[in-house]
Q: 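Next up is a structure, given as structure tokens.
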Amino acid sequence: MAQSLDRLRESPSQTAGPYVHIGLTPNFCGIGDVYPNDLGAAMVNDKTRGERIGLRIRVLDGTGTPLKDALVEIWQADANGLYNSPAELRGTADPNFIGWGRCPTDMDTGLCTFDTIKPGRVPFSDGRLMAPHITLWIVARGINLGLHTRLYFSDEEEANGQDPILARIEHRVRVPTLIAERKGDIYVFDVHLQGEKETVFFDS
């Protein structure tokens, strides 16, 4: 006999809470003997091809305050624009480059940093080349579903001007929210969750 469901209520939605860090970055949380190193902590080695760069990323709330409990994952092509993925059919990616990284934001400063390489250009679905970019996935308190955005590079103006994704963003004034500023060999990028400078997010 079927049960009547008229008395059941939807349970409240919940954010990922502390379990994101406990499950995904146990060493960061002080939980040892799970992995030798947290997965995604190292993307390159001494044989990785391409220009070495650093990324310094902050996730900011509507008041401009850095979130100190966020977690950021990045996914990118190698220096030749090839992905380290079984779905990559255009060639073989650099075997010494992982192409994926994961880093929690620092509990004191709200910063997370990645040591990686400058990615090559990747073709759009119609064959046009996209500008060098890195895809970000972000979770934090108050976020029920991970947010997706992109990071482009301030010293790739010509390529950025040709990028089909940047050209499709309705409010062009928001394009600068996707540009990481170069400072030496470090790129600095702020992700704005709310406010006038809200970063452009993409559907997953």
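Every heavy atom of this structure was used, including side-chain atoms; hydrogens, water molecules and symmetry mates were not. Starting from 1, each residue takes its place in the sequence as its number.
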Q: Can you tell me if Gln162 and Arg121 form a side-chain donor-acceptor pair at under 3.5 Å?
A: yes
Q: Should Leu111 and Phe189 be counted in the same cluster of Ile, Leu, Val, Met, Phe, Trp and Tyr side chains packed under 4.5 Å apart?
A: no
Q: Looking only at heavy atoms, what is the nearest atom pair of Ile186 and Arg56, with distance?
A: CG2-CB, 4.2 Å
Q: Which of these passes side chain to side chain contact (heavy atoms under 4.5 Å, CB included) with Pro123: Met130, Arg90, Arg128?
A: Arg90
Q: Please identify which of these residues, Asn45, Asn84, Asp46, meets the side chain to side chain donor-acceptor pair (under 3.5 Å) condition with Asn96.
A: Asn45
Q: Can you name the nearest heavy-atom pair linking Thr109 to Pro66, along with the distance?
A: O-CB, 3.9 Å
Q: Just do the side chain to side chain contact (heavy atoms under 4.5 Å, CB included) check on Thr149 and Ile138 with the steps written out, would you?
A: CA-CA 8 Å; Thr149 190; Ile138 301 157; 4.3 Å; yes
Q: If you apply the rule side chain to side chain contact (heavy atoms under 4.5 Å, CB included), what do you find for Trp75 with Ser85, and how did you get there?
A: CA-CA 11 Å; Trp75 172 247; Ser85 167; 4.2 Å; yes
Q: When Leu136 is tested against each of Val72, Val59, Leu147, Leu55 for side chain to side chain contact (heavy atoms under 4.5 Å, CB included), which residue passes?
A: Val72
Q: Check the pair Ile179 / Phe153 against side chain to side chain contact (heavy atoms under 4.5 Å, CB included), numbers first and verdict last.
A: CA-CA 5 Å; Ile179 307 297; Phe153 300 93; over 6 Å; no
Q: If you round to the nearest 0.5 Å, how far is OG1 of Thr105 from CG of Leu67?
A: 7.0 Å
Q: Strictly by modelled atom types, are Glu198 and Thr177 linked by a side-chain donor-acceptor pair under 3.5 Å?
A: no
Q: Is Val122 reachable from Ile98 through a run of hydrophobic residues whose side-chain heavy atoms are each under 4.5 Å from the next?
A: yes
Q: Charged N to carboxylate O below 4.0 Å: is that the case for Lys183 and Glu181?
A: no
Q: Would you mind checking if Glu51 and Arg182 are paired as a salt bridge, meaning a charged N to carboxylate O distance below 4.0 Å?
A: yes
Q: Which heavy atom of Cys103 sits nearest a heavy atom of Phe114, and at what distance?
A: CB-CZ, 3.5 Å
Q: State yes or no: do Val175 and Val188 share one hydrophobic cluster built from I, L, V, M, F, W and Y residues joined by side-chain heavy-atom distances below 4.5 Å, directly or via other members?
A: no
Q: What is the distance from atom OH of Tyr187 to atom CD1 of Ile134, rounded to the nearest 0.5 Å?
A: 9.5 Å
Q: To the nearest 0.5 Å, what is the distance between CG on Asp115 and CZ on Arg52?
A: 8.5 Å
Q: What are the two closest heavy atoms between Pro132 and Ala159, and how far apart are they?
A: CD-CB, 3.9 Å
Q: Could you tell me which non-hydrogen atom of Asn160 sits nearest to which non-hydrogen atom of Leu166, and how far apart they are?
A: O-CD1, 3.5 Å
Q: How far does CH2 of Trp137 sit from CG of Leu145, to the nearest 0.5 angstrom?
A: 9.5 Å
Q: Is there a path of hydrophobic side-chain contacts, each under 4.5 Å between heavy atoms of I/L/V/M/F/W/Y residues, joining Leu82 to Phe124?
A: no
Q: Checking Ile74 against Met43 for the side chain to side chain contact (heavy atoms under 4.5 Å, CB included) test, could you report, in this order, the C-alpha distance in whole Å, the side-chain angles of both residues, the deciding distance, and whether it holds?
A: CA-CA 10 Å; Ile74 65 173; Met43 299 177 66; 3.6 Å; yes
Q: For Thr199 and Arg174, which heavy atoms make the closest approach, and how far apart are they?
A: O-NH2, 3.2 Å
Q: When you look at NZ of Lys118, are more than 12 heavy atoms from neighbouring residues, nucleotides or ligands closer to it than 6.0 Å?
A: yes
Q: Just checking, is any N or O donor in the side chain of Tyr83 or Asp78 under 3.5 Å from an acceptor N or O on the other one?
A: no
Q: Please tell me whether His148 and Phe202 form a close aromatic pair, meaning their ring centres lie under 6.0 Å apart.
A: no
